[in-house]
Peer 1: 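If you scroll down you'll find the structure; I have some questions about it.
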Amino acid sequence: MYPENNNSNKGRNIAIGIVVSLVFIGLFAGCVSVVMRYVELDKSGKLDRWLEANADVEEDDILSDYGYYDEDGYFHYYGEDDGDDGFGYYDEDGEFHYFENETDPRDRFDRPTHDEDIEGYATGEYFSLPADNRVEGLAYSVDIEEKEYEDDFNTYIYYSYPIVDGDVPNIDYINDVICSEWESLLEYYEDDYKAGLPDYYGEDYEDYGKSDGIIAELDCNVTFMSEDILSVVYQETVYYGEYGDYDVDIYLYCLNFDMKNGQLLENTGMLDIDEEFVEDFRERSEKQNADSVLDDCDDEDVMYYLENPYNLILFYCPQGMEIGLNLDNGWVTVTYADYEEYLNKM
């Protein structure tokens, strides 16, 4: 819920200032010796790529005091991260796509959420997004609504959400809670983000501020549906600034409802989190995700995230329960078929 979220990544109006700070950091990094620049470029693979593309250019002309231009004409400061930043993204074939070259803003959201080479996904052992696990014949039904929001600030927001209908308690409350997520984003954008641009840019507002919108997708999935439980999960990606080149938020927002009582379940407190659970979560994540996404988190960090309502990912699925973490650069989840062993008995 955007207005209520205290996570530092949600300070969208500060995001532009952060980029300016990063520029100054890049200028400082440019004071490092030419030898260190060559080493850095060589380690990242940029130097060979650039020299090959510009074989007829003198090396002294390639290297400036602060950075270099790549073969597409984009300037990079020495020492900056060449990961999945706001300029574009890598597809499943490893090809990089610049956002500005896309005609449909939603093209940037069509990216895989897991490694398809991992056997557990092909066999159905592991849960993966996107998902539509709606079933018929229950006391209630679920329809999916899709909407788009656009304005003249280079802003495009796509959002989908389920609408619940049927003979269950508090059905209006359930639908209100589901809609409150995308409503919060639109309210934040209109009342805070866009409204603050004139003051931020001042005299430069007409030249720069009016192109500084956001591009976002809030795609809601019905991950589980039964007489007792309804789980819906928003898969959210939000890019800030023109072409989304200032900041990005990527996370999952989970809602689990007790359909017998028509109440929203509190995700935190549902699991018995201890050191043994953290170790088990790490082992399962390494197997299911085939990478080291948790290497930057020690056990105390993982435990904190599992107990924090913003960071914790928890929802029901046909395989059992999906448990995971919203991290600074994305999210990671693990499928627990044996989740009942870890439920808090209190």
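These numbers come from a predicted model, not from an experiment. For the numbers below, each heavy atom of this structure counts, side chains included, while hydrogens, waters and symmetry mates do not.
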Peer 1: Mind checking the CG-CE spacing from Asp298 to Met303? Nearest 0.5 Å is all I need.
Peer 2: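 Rounded to the nearest 0.5 Å, the CG-CE separation comes out at 10.5 Å.
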Peer 1: Give me the atom names and distance for the closest heavy-atom approach of Asn154 to Ile215.
Peer 2: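 Heavy atoms of Asn154 and Ile215 come nearest at O-CG1, 4.0 Å.
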Peer 1: Determine all donor-acceptor pairs shorter than 3.5 Å in which one atom belongs to a side chain in residues 255-275; sequence neighbours excluded.
Peer 2:
from: Asn256; atom 1: OD1; to: Ser231; atom 2: OG; distance (Å): 2.5
from: Asn256; atom 1: ND2; to: Asn267; atom 2: OD1; distance (Å): 2.8
from: Asn256; atom 1: ND2; to: Leu314; atom 2: O; distance (Å): 2.9
from: Asp258; atom 1: OD1; to: Lys260; atom 2: N; distance (Å): 3.0
from: Asp258; atom 1: OD1; to: Asn261; atom 2: N; distance (Å): 3.4
from: Asp258; atom 1: OD2; to: Asn261; atom 2: ND2; distance (Å): 2.9
from: Asp274; atom 1: OD1; to: Glu276; atom 2: N; distance (Å): 3.2
from: Asp274; atom 1: OD1; to: Phe277; atom 2: N; distance (Å): 2.8

Peer 1: State, to 0.1 Å, how close Val332 and Ser285 come at their nearest heavy-atom pair, and which atoms those are.
Peer 2: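 Shortest heavy-atom separation between Val332 and Ser285 comes out as CG2-OG, 3.7 Å.
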Peer 1: Measure the CD1-OH distance between Ile214 and Tyr239 for me, rounded to the nearest 0.5 Å.
Peer 2: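 So the gap between those two atoms works out to 12.5 Å.
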Peer 1: Tell me every residue that passes side chain to side chain donor-acceptor pair (under 3.5 Å) with Arg282, counting only those two or more places apart in sequence or in another chain.
Peer 2: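 Arg282 satisfies side chain to side chain donor-acceptor pair (under 3.5 Å) with Asp299 once adjacent residues are dropped.
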Peer 1: Would you sort out whether Phe127 and Phe315 count as a ring pair (Phe, Tyr, Trp, His ring centres under 6.0 Å), showing the intermediate values?
Peer 2: CA-CA 11 Å; Phe127 171 85; Phe315 57 89; 5.3 Å; yes
Peer 1: Assess whether atom OH of Tyr304 is packed by more than 12 heavy atoms of other residues, nucleotides or ligands within 6.0 Å.
Peer 2: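 It does not: Tyr304 OH has 12 such atoms or fewer within range.
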Peer 1: Under a 3.5 Å threshold, yes or no: a donor from one side chain and an acceptor from the other, between Glu148 and Tyr158?
Peer 2: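 Tyr158 and Glu148 do not have a side-chain donor-acceptor pair below 3.5 Å.
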Peer 1: Once you round to the nearest 0.5 Å, how far does CD1 of Ile171 lie from CG of Asp165?
Peer 2: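 Those atoms lie 5.0 Å apart.
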Peer 1: Counting only heavy atoms not in Asp204, do more than 12 sit closer than 6.0 Å to its CG atom?
Peer 2: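 Enclosed: over 12 neighbouring heavy atoms sit under 6.0 Å from CG of Asp204.
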Peer 1: Considering non-hydrogen atoms only, spot the tightest contact between Leu306 and Gly324 and give its length.
Peer 2: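 Minimum heavy-atom separation between Leu306 and Gly324: CD2-O, 4.3 Å.
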Peer 1: Verify side chain to side chain contact (heavy atoms under 4.5 Å, CB included) between Phe281 and Leu325, making sure each step is shown before the conclusion.
Peer 2: CA-CA 11 Å; Phe281 180 80; Leu325 307 174; 4.0 Å; yes
Peer 1: Rounded to the nearest 0.5 Å, how far apart are CH2 of Trp331 and SG of Cys254?
Peer 2: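 So the gap between those two atoms works out to 9.5 Å.
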Peer 1: Not counting sequence neighbours, which residues clear ring pair (Phe, Tyr, Trp, His ring centres under 6.0 Å) with Tyr316? List them please.
Peer 2: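 Here the qualifying residues are Tyr339.
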Peer 1: Looking at Asn221 and Val233, would you say the former's side chain and the latter's main chain have a donor-acceptor pair under 3.5 Å?
Peer 2: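 It does hold such a pair.
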Peer 1: Please report the interatomic distance CG(Asn326) to CG(Asn308), rounded to the nearest 0.5 Å.
Peer 2: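 Output value for this atom pair is 9.5 Å.
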Peer 1: Could you tell me whether the side chains of Asn133 and Thr223 share a donor-acceptor contact shorter than 3.5 Å?
Peer 2: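 No, no side-chain donor-acceptor contact under 3.5 Å.
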Peer 1: Once you round to the nearest 0.5 Å, how far does CD1 of Ile250 lie from CG of Asp328?
Peer 2: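 One finds 11.5 Å between CD1 of Ile250 and CG of Asp328.
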Peer 1: Between Tyr251 and Glu236, does the side chain to side chain donor-acceptor pair (under 3.5 Å) criterion hold? Intermediate values first, please.
Peer 2: CA-CA 5 Å; Tyr251 53 94; Glu236 308 192 20; 2.9 Å; yes
Peer 1: Is it the case that more than 12 heavy atoms not belonging to Gln319 sit under 6.0 Å from its CD atom?
Peer 2: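 Buried by this count: over 12 neighbours within 6.0 Å.
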Peer 1: Closest heavy-atom contact between Tyr305 and Cys297?
Peer 2: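 Minimum heavy-atom contact is CE1-SG, 3.9 Å.
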Peer 1: Of all heavy-atom pairs between Ala195 and Pro198, which one has the smallest distance, and what is that distance?
Peer 2: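 Nearest pair, atom of Ala195 first, then Pro198: O-CD, 3.5 Å.
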Peer 1: Check whether any side-chain heavy atom of Leu252 sits under 4.5 Å from a side-chain heavy atom of Leu129, and report yes or no.
Peer 2: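 Yes; the side chains approach each other to less than 4.5 Å.
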Peer 1: Under 3.5 Å, is there a donor-acceptor pair between the Tyr189 and Asp151 side chains?
Peer 2: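 Yes, because at least one side-chain N or O of Tyr189 sits under 3.5 Å from a partner of the opposite role on Asp151.
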Peer 1: Between Asn311 (side chain) and Glu307 (backbone), is there a donor-acceptor pair under 3.5 Å?
Peer 2: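 Answer holds: no.
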Peer 1: Can you name the nearest heavy-atom pair linking Cys220 to Tyr161, along with the distance?
Peer 2: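 In terms of heavy atoms, the two residues are closest at CB-CA, 3.8 Å.
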Peer 1: Taking it one step at a time, do Glu206 and Tyr201 satisfy side chain to side chain contact (heavy atoms under 4.5 Å, CB included)?
Peer 2: CA-CA 9 Å; Glu206 292 296 329; Tyr201 282 99; over 6 Å; no
Peer 1: Hey, are the side chains of Tyr140 and Ile174 touching, using non-hydrogen atoms and a 4.5 Å cut-off?
Peer 2: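 When only atoms from C-beta onward are counted, Ile174 and Tyr140 do not touch, as no gap falls below 4.5 Å.
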Peer 1: Less than 4.5 Å apart, any side-chain heavy atom of Arg284 and any of Tyr336?
Peer 2: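 Yes, side chains in contact.
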Peer 1: Pairing donors with acceptors under 3.5 angstrom, does anything connect the side chains of Thr333 and Glu322?
Peer 2: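 Per modelled atom types, Thr333 and Glu322 side chains form a pair under 3.5 Å.
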Peer 1: Dump the intermediate steps for side chain to side chain contact (heavy atoms under 4.5 Å, CB included) on Tyr159 and Leu186, then the final yes or no.
Peer 2: CA-CA 10 Å; Tyr159 56 101; Leu186 296 183; 3.9 Å; yes
Peer 1: Quick one: does Asp280's side chain get under 4.5 Å of Tyr342's, heavy atoms only?
Peer 2: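 Yes. Closest side-chain heavy atoms under 4.5 Å.
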Peer 1: Given 3.5 Å as the limit, does a donor-acceptor pair link the side chain of Gln288 with the main chain of Thr335, or not?
Peer 2: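 Side chain of Gln288 to backbone of Thr335, a donor-acceptor pair under 3.5 Å: yes, one is there.
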